[in-house]
Amino acid sequence: MAIQNLPTQVFAGQRPGTSGLRKKVAVFIQPRYLENFVQALLDVLNGLAPDGQVGTALHGQTLVLGGDGRFFNRVAVQTILKLAAANGVQRVLLGQGGILSTPAVSAVIRRRQAFGGIVLSASHNPGGPDGDFGIKYNASNGGPANETLTEAVYARTQVLSQLRISDAPDIDINTLGSCQIEQMQVEVIDPVADYVAVMRDLFDFDMLRGLFKQGFTLRVDAMNAVGGPYAKAILEGELGAPAGSVVNAVPLEDFGGLHPDPNPVNAEDLIAHMSAAAAPDLGAAMDGDADRNMVLGRHFVVTPSDSLALMTAHARLIPGYRDGLLGVARSMPTSAAVDRVAKALGMDCFETPTGWKFFGNLLDAGRVTLCGEESYGTGSSHVREKDGLWAILFWLSLQGATGRSVESLVREHWATYGRNYYSRHDYEAIPTEVADGLMSALRAALPGLQGAQLGARTVVVADDFAYTDPVDGSVSAKQGVRLIFDDGARVIFRLSGTGTEGATLRIYLENYEADVSRQDQPVQAALADLIAVAEQVAGVRERTGMAGPTVAT
Ligand code: VG1
Ligand code: CO
């Protein structure tokens with residue numbers, strides 16, 4: 001075993017997006033591609049002096065490592081261990097088999113007071129040899145690295161000339177226990193245990209066991225991704241849900257051909273079960289790295305924005321939130337349903353750019369307890385990531401505590417607060433120049449749109465969302481073009497920062513309806529006039545040649 005210094009060459013484009021660096025597997029498996037990014041990360045973590053000399057901040061420290069089990073996960077784990085060993089890391093806590101869900105990495109970092117963690121996942125992106133791979137870094141608070149750090153890593157990737165890597169043989173990552181690479185200790189840990197302990201502290205497991213004893217039924221679709229082992233252990237193992245309540249529960253390298261991006265289109269099998277005559281009481285699905293959740297009741301779909309609003313309204317029913325919430329936060333495109341609840345409860349509601357990293361400071365500073373995004377992400381201060389199974393346990397607990405169905409809880413909520421009709425239209429794989437052209441044209445049109453009459457509404461805000469972090473004062477500009485109308489309706493345009501093929505345009509549409517007798521329309525019909533406005537303003541059809549969105553959720 002020896003540490004080697006190997007010459008390397010710069011790869012273009014290693015800039016992390018909304019959530020880490022995501023590329024096609026074909027890109028990641030190029031010799032030294034992963035190595036370069038990880039070396040740049042370790043250099044930055046070790047502390048770069050102005051002259052580029054690398055410091056020793058990682059020496060004596062512990063890192064957490066694991067991923068969602070997709071293709072290339074196991075190979076990447078071995079490579080990262082050898083780099084970590086050569087760059088002064090003292091100990092790595094590795095999930096058994098290279099497996100750790102994103103929220104579990106966050107939980108392990110926090111519970112074991114690690115320096116940080118590396119998550120191997122492209123999350124909701126497709127997997128397998130022809131799919132995507134990804135890597136992201138989480139800091140000592142358990143949350144995604146902030147933009148200052150990711151930009152520093154990117155800058156380092158662009159000047160890197162040398163790798164420091166051990167030539168040690170691969171280690172056994174399947175067996176619990178310890179081994180050594182160079183001076184570094186590798187501890188293979190149970191990927192589920194720390195996470196289960198966190199959930200036990202938040203939820204009333206006895207009550208939930210009672211619920212299943214009374215015959216409550218549940219179907220959780222883990223979509224052959226990393227959420228399976230966690231859902232099995234907690235729902236079927238700890239809580240006594242009938243065997244088979246969790247389906248597609250074994251993480252597979254290609255997700256068994258499924259696309260673990262839980263929405264009604266990709267999770268059609270779950271939708272079919274929840275629409276059947278004998279549908280279970282609660283249905284849910286998670287994404288590749290188990291930080292997203294989609295929740296359904298019998299014959300009823302809950303939008304993520306509504307989910308956040310209901311969680312906020314009922315949080316005190318859950319033991320972990322018995323004393324109330326410090327505040328809430330949502331990403332800008334997420335519907336304003338939660339804002340109304342926060343107002344009624346007299347708590348702060350923050351509006352952040354898209355991406356979980358923007359919630360970290362608010363959570364660390366004790367300004368908020370719950371956070372959510374329209375993209376099927378909800379979470380709380382228990383970790384610093386969104387958390388799919390946590391959300392499922394939350395909804396299970398709401399039903400246990402109230403004895404009410406999902407549908408009746410949501411309808412009651414709409415009756416009290418009004419309904420925010422909401423939809424996101426995605427136009428995928430647009431040529432980058434076309435997408436950039438569309439966004440620049442929109443930005444250029446903003447001054448003229450201010451005060452404009454569009455359909456039956458008047459535009460009261462036409463801007464490009466910019467966020468000043470209330471804790472550290474950092475500014476993130478150009479986070480999405482917003483049109484906000486006089487009646488509170490909104491149309492928002494932004495480009496995805498997680499895609500790996502061309503560009504993906506996301507159009508977010510929202511319309512508020514207070515009148516209970518008008519709260520039962522089909523969503524796309526209720527938003528039809530805003531859809532027309534979006535087309536009128538952006539000319540998506542003409543610019544892209546696409547007749548409609550690839551996916552509407
Ligand atoms: C998308 C979602 C965003 C989410 C991000 C990461 O980003 O819109 O809300 O935080 O994915 O989620 P974008 O830039 O493609 O719109 V995950 O579960 O894929 O890490
Ligand atoms: Co995810």
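Start at 1 and go down the list; that is how both ligands and their atoms are numbered. Both backbone and side-chain heavy atoms feed into the values below; hydrogens, waters and symmetry mates do not.
- Residue contact check: S19 has heavy atoms under 4.0 Å from atoms 6 (C), 20 (O) of ligand 1.
- Within the structure, the closest approach of G355 to ligand 1 falls below 4.0 Å when heavy atoms are considered.
- Between the Co ion (ligand 2) and S19 there is no N/O/S contact shorter than 2.8 Å.
- Closest heavy-atom approach to atom 6 (C) of ligand 1 within the set K386, R506, R494, R424: this belongs to K386.
- Residue contacts with ligand 1: A122 is placed with no nitrogen or oxygen under 3.5 Å of a nitrogen or oxygen of the ligand (distance criterion only).
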Kindly indicate, with the supporting measurements, whether the criterion side chain to side chain donor-acceptor pair (under 3.5 Å) is fulfilled by S380 and Y321.
CA-CA 10 Å; S380 90; Y321 312 99; 2.6 Å; yes

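- Both cation-pi conditions hold for R340 and Y512: the charged atom is under 6.0 angstrom from the six-membered ring centre and inside a 45 degree cone around its axis.
- Counting heavy atoms from C-beta outward, L326 and R367 have side chains that stay 4.5 Å or more apart.
- Set against the non-hydrogen atoms of T354, the atoms of ligand 1 under 4.0 Å away are 3 (C), 8 (O), 9 (O).
- The proximity of K136 to ligand 1, defined as any non-hydrogen pair under 4.0 Å, does not occur for either the backbone or the side chain.
- Atom CG of L325 is separated from atom SG of C349 by 11.5 Å, given to the nearest 0.5 angstrom.
- Contact annotation: for R292 versus ligand 1, heavy atoms closer than 4.0 Å belong to the side chain alone.
- Of all protein heavy atoms, the one closest to atom 17 (V) of ligand 1 is S123 OG, 2.6 Å.
- When each atom of ligand 1 is checked for a heavy atom of D287 under 4.0 Å away, the hits are 18 (O).
- Distances below 4.0 Å separate heavy atoms of S375 from the following atoms of ligand 1: 2 (C), 3 (C), 4 (C), 8 (O), 9 (O).
- One distance of note links OH of Y422 with OG1 of T303; it measures 9.0 Å at 0.5 Å rounding.
- Of the heavy atoms in R22, only side-chain atoms (C-beta onward) come closer than 4.0 Å to ligand 1.
- No other N/O/S atom of D291 lies as close to the Co ion (ligand 2) as OD1 does.
- Scanning the protein for heavy atoms near atom 19 (O) of ligand 1, the closest one is H124 ND1, 2.3 Å.
- Between V92 and V64, every side-chain heavy-atom pair lies at or beyond the 4.5 Å cut-off.
- Between E373 and ligand 1, an N or O atom pair is found at a separation short of 3.5 Å.
- An N or O contact shorter than 3.5 Å links D291 to ligand 1 by distance.
- With a 4.0 Å heavy-atom cut-off, ligand 1 is reached by no atom of N125.
- A distance of 12.5 Å separates OH of Y417 from CG of D306, quoted to the nearest 0.5 Å.
- The shortest non-hydrogen separation linking A145 to T150 is CB-CG2, 4.0 Å.
- Residue V471 comes nearest to L362 through the heavy atom pair CG2-N, 4.3 Å, listed as atom of the first residue, atom of the second, then distance.
- Residue T498 touches ligand 1 through backbone and side chain together, judged by heavy-atom distances below 4.0 Å.
- In this structure, Q39 contributes its side chain and L83 its backbone to no donor-acceptor pair below 3.5 Å.
- The distance from ligand 1 to the heavy atoms of G497 drops below 4.0 Å at these ligand atoms: 13 (P), 14 (O), 15 (O).
- Vertex the Co ion (ligand 2); arms to S123 OG and D287 OD2; angle rounded to 10 degrees, 100°.
- Taken to the nearest 0.5 Å, the CG atom of N266 stands 9.0 Å off from the CG atom of L258.
- In this structure, the side chains of N263 and D261 come closer than 4.5 Å at one or more pairs of heavy atoms.
- Aromatic rings of Y230 and Y195 (six-membered ring for Trp) have centroids within the 6.0 Å cut-off, being under it.
- Taking the Co ion (ligand 2) as reference, the nearest N/O/S atom within D289 carries the name OD1.
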